[in-house]
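One structure is given below, encoded as structure tokens.
FYI, side chains are in, hydrogens and waters are out, and symmetry mates aren't considered; it's all heavy atoms of this structure. Just so you know, residue 1 is the first one in the sequence shown, and it goes up from there. Read the numbers this way: they start at 1 and go in the same order the structure lists the ligands and their atoms.
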Amino acid sequence: MSKILIVEDEEDLLQGLAINFSNEGYQVLKATRGDEGLKLAIEENPHLIILDVMLPEMSGFDVCRELRQKGIEVPIIMLTAKSEEIDRVVGLEIGADDYVTKPFSLRELLARIRVQLRRQPPHAAEPMPRYGFGDIEIDFEKFQTTRKGEPLELTAKEYDILRLLIQCRGEVVTRDRLLDEVWGYEAYPSTRTVDNHILKLRKKLEDDPANPRYILSIYGQGYEFIG
Ligand code: CA
């Protein structure tokens with residue numbers, strides 16, 4: 001089921017869209033403020049975002065820009081007011097995928113959503129060229145990582161583990177899944193191997209590896225990336 005985040009401060013519009021999206025079989029997340037929308041976008045990893053431009057606390061433009069800067073490539077459809085022709089241009093420049101001008105027909109918006117979701121199948125090993133969190137910047141294509149601008153050495157396995165955890169951010173990744181997807185058919189690693197790699201990663205990435213902020217242990221289940 002595709003998960004859609006709607007960030008819109010007009011309560012009636014927000015509720016109307018939410019009900020209609022649910023009827024279409026989408027899972028819906030809602031936010032009425034820009035900062036709140038940004039937080040949900042990062043933590044809940046939606047498949048698509050409907051993003052109003054004029055929002056309290058943080059504009060839709062800033063939300064979009066910040067997500068793209070983090071390397072989050074989720075499709076974003078911006079909602080712009082009729083008089084804001086300029087919005088459309090700015091929106092596309094900062095990395096939005098499409099825009100709809102208010103007032104719009106529900107049918108049109110749903111059609112555009114389907115186009116965007118088709119372009120990017122849900123969570124299908126999305127290529128993730130780079131990602132940033134805290135002081136860390138990771139380039140998965142060049143295998144380069146920096147912390148506070150200083151180069152940081154990570155092994156190939158560590159890149160694989162991080163990529164999987166970040167792609168699944170906000171959800172628990174079990175040790176078995178890590179073994180399957182990172183180690184595959186190699187040798188006979190044990191879940192202990194996974195734990196050792198996680199310990200090493202935390203030493204490299206966390207300010208306080210004993211109290212991790214980004215790579216959390218979920219007792220009895222596995223690991224979860226937040227950031
Ligand atoms: Ca608004």
* Got an N, O or S from E8 under 3.0 Å of the Ca ion (ligand 1)? -> no
* Asked: How about D9: does one of its N, O or S atoms come closer than 3.0 Å to the Ca ion (ligand 1)?
  -> yes
* Considering residues, nucleotides and ligands other than R68, do more than 12 of their heavy atoms fall under 6.0 Å from its CZ? ->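 More than 12 heavy atoms, drawn from other residues, nucleotides or ligands, come within 6.0 Å of this atom.
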* Among the N, O or S atoms of D52, the one nearest the Ca ion (ligand 1) -> OD2
* To do: May I ask whether F104 and F21 are part of the same hydrophobic cluster, defined by side-chain heavy atoms of I, L, V, M, F, W, Y residues being less than 4.5 angstrom apart, directly or through others?
  =>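 The answer is yes; both residues are in one hydrophobic cluster.
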* Which class fits the ring pair F143 and Y159: parallel under 30°, tilted 30 to 60°, perpendicular over 60°? -> perpendicular
* So, are R65 and D62 salt-bridged, with charged N and O less than 4.0 Å apart? ->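 Looking at R65 and D62, the cut-off is met.
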